[in-house]
Amino acid sequence: MKVLTTISATTVGGRDGSGSSSDGKLNIQFALPKELGGAGKEGVTPEHLFAQGYSACFGSALQYVAGQKKKRLSPEFSVTAQVDLCTNDAGGFALQVELKVDLLGEEHSEAEEIVAVAHTVCPYSNAIKGNVPVKLTVTT
């Protein structure tokens, strides 16, 4: 593989701590949700960041695939990533994801094809393939 870009991030204190990126562009306060035994203080979870990153990355994959087909997506297209933190049968934890893609103005069958191909192109999709269930939902 050819490396195109690299970023590193450090977290202190885990799910109830803070995190920052090596370039200083991200400084964040995490908070353990009440559902996991936290105090309910202000902050985000790793699932917030995963959902945001996956939805942005998948959006770029959609634009890439559409461009390969000589199409231009509506500037209002959207990707919503719903990330669930679940327990697994081994007594640990796992994720599951639903990507809700709205390709405004596209014919539904064409939109489904673009989404399916984007799922093979997106680095997040490739990173979790075979490990995290991902449901693709397409609207137009």
Side chain to side chain, [X] and [Y], heavy atoms closer than 4.5 Å:
X	Y	value
Phe30	Asp16	no
Leu95	Glu47	yes
Leu49	Pro46	no
Leu136	Val134	yes

Report whether Phe93 and Ile128 are members of the same hydrophobic cluster (ILVMFWY, side-chain heavy atoms less than 4.5 Å apart, transitive linking).
yes
Next on the checklist: Using the rule that Ile, Leu, Val, Met, Phe, Trp and Tyr join whenever any side-chain heavy atoms are under 4.5 Å apart, tell me whether Leu73 and Val121 fall into a single cluster.
Outcome noted: yes
| task | Output every pair passing salt bridge (charged side-chain N to carboxylate O under 4.0 Å, His left out) with a member in residues 110-125, not counting sequence neighbours, ordered by first then second residue. | result |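 Qualifying pairs, neighbours excluded: Lys69-Glu110, Lys69-Glu113.
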Rounded to the nearest 0.5 angstrom, the CG-OG1 distance for Leu104 and Thr139 is 7.5 Å
One should read off an interatomic distance between Leu99 CG and His119 NE2, to the nearest 0.5 angstrom, of 7.0 Å
*Begin with the C-alpha distance, continue with both residues' side-chain angles, and end with the deciding distance and a verdict on side-chain contact (heavy atoms from CB on, under 4.5 Å) for His108 and Val138.*
CA-CA 8 Å; His108 193 76; Val138 180; 4.1 Å; yes
Please list, one pair per line, the donor and acceptor atoms closer than 3.5 Å that link side chains of residues 75-89 to other protein atoms, with sequence neighbours excluded.
{"from": "Gln82", "atom 1": "OE1", "to": "Lys100", "atom 2": "NZ", "distance (Å)": "3.3"}
{"from": "Asp84", "atom 1": "OD2", "to": "Gln96", "atom 2": "NE2", "distance (Å)": "3.0"}
{"from": "Asn88", "atom 1": "OD1", "to": "Ala90", "atom 2": "N", "distance (Å)": "3.1"}
{"from": "Asn88", "atom 1": "OD1", "to": "Gly91", "atom 2": "N", "distance (Å)": "3.2"}
{"from": "Asn88", "atom 1": "OD1", "to": "Gly92", "atom 2": "N", "distance (Å)": "2.7"}

Atom pairs and distances, side-chain donor-acceptor, residues 51-64, under 3.5 Å, sequence neighbours left out:
{"from": "Tyr54", "atom 1": "OH", "to": "Ser125", "atom 2": "OG", "distance (Å)": "2.7"}
{"from": "Ser55", "atom 1": "OG", "to": "Ala51", "atom 2": "O", "distance (Å)": "3.1"}
{"from": "Ser55", "atom 1": "OG", "to": "Gln52", "atom 2": "O", "distance (Å)": "3.0"}

query: Just checking, any donor-acceptor pair under 3.5 angstrom between side chains of Thr137 and Glu98?
result: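 Per modelled atom types, Thr137 and Glu98 side chains form a pair under 3.5 Å.
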Output side-chain donor-acceptor pairs under 3.5 Å for residues 21-28, partner residues at least two apart or in another chain, one line each.
{"from": "Ser21", "atom 1": "OG", "to": "Asp23", "atom 2": "OD1", "distance (Å)": "2.6"}
{"from": "Ser21", "atom 1": "OG", "to": "Lys25", "atom 2": "N", "distance (Å)": "3.3"}
{"from": "Ser21", "atom 1": "OG", "to": "Leu26", "atom 2": "N", "distance (Å)": "3.0"}
{"from": "Ser22", "atom 1": "OG", "to": "Ser8", "atom 2": "O", "distance (Å)": "3.4"}
{"from": "Ser22", "atom 1": "OG", "to": "Ser8", "atom 2": "OG", "distance (Å)": "3.2"}
{"from": "Asp23", "atom 1": "OD1", "to": "Lys25", "atom 2": "N", "distance (Å)": "3.0"}

Q: Give a yes or no answer on whether the side chain of Thr45 reaches the backbone of His48 with a donor-acceptor pair at less than 3.5 Å.
A: yes
Taken in chain and number order and not counting sequence neighbours, the residues that satisfy side-chain hydrogen bond (donor to acceptor under 3.5 Å, both in side chains) with Glu106 are Lys71
Across all chains, not counting sequence neighbours, the side-chain hydrogen bond (donor to acceptor under 3.5 Å, both in side chains) partners of Gln29 are none
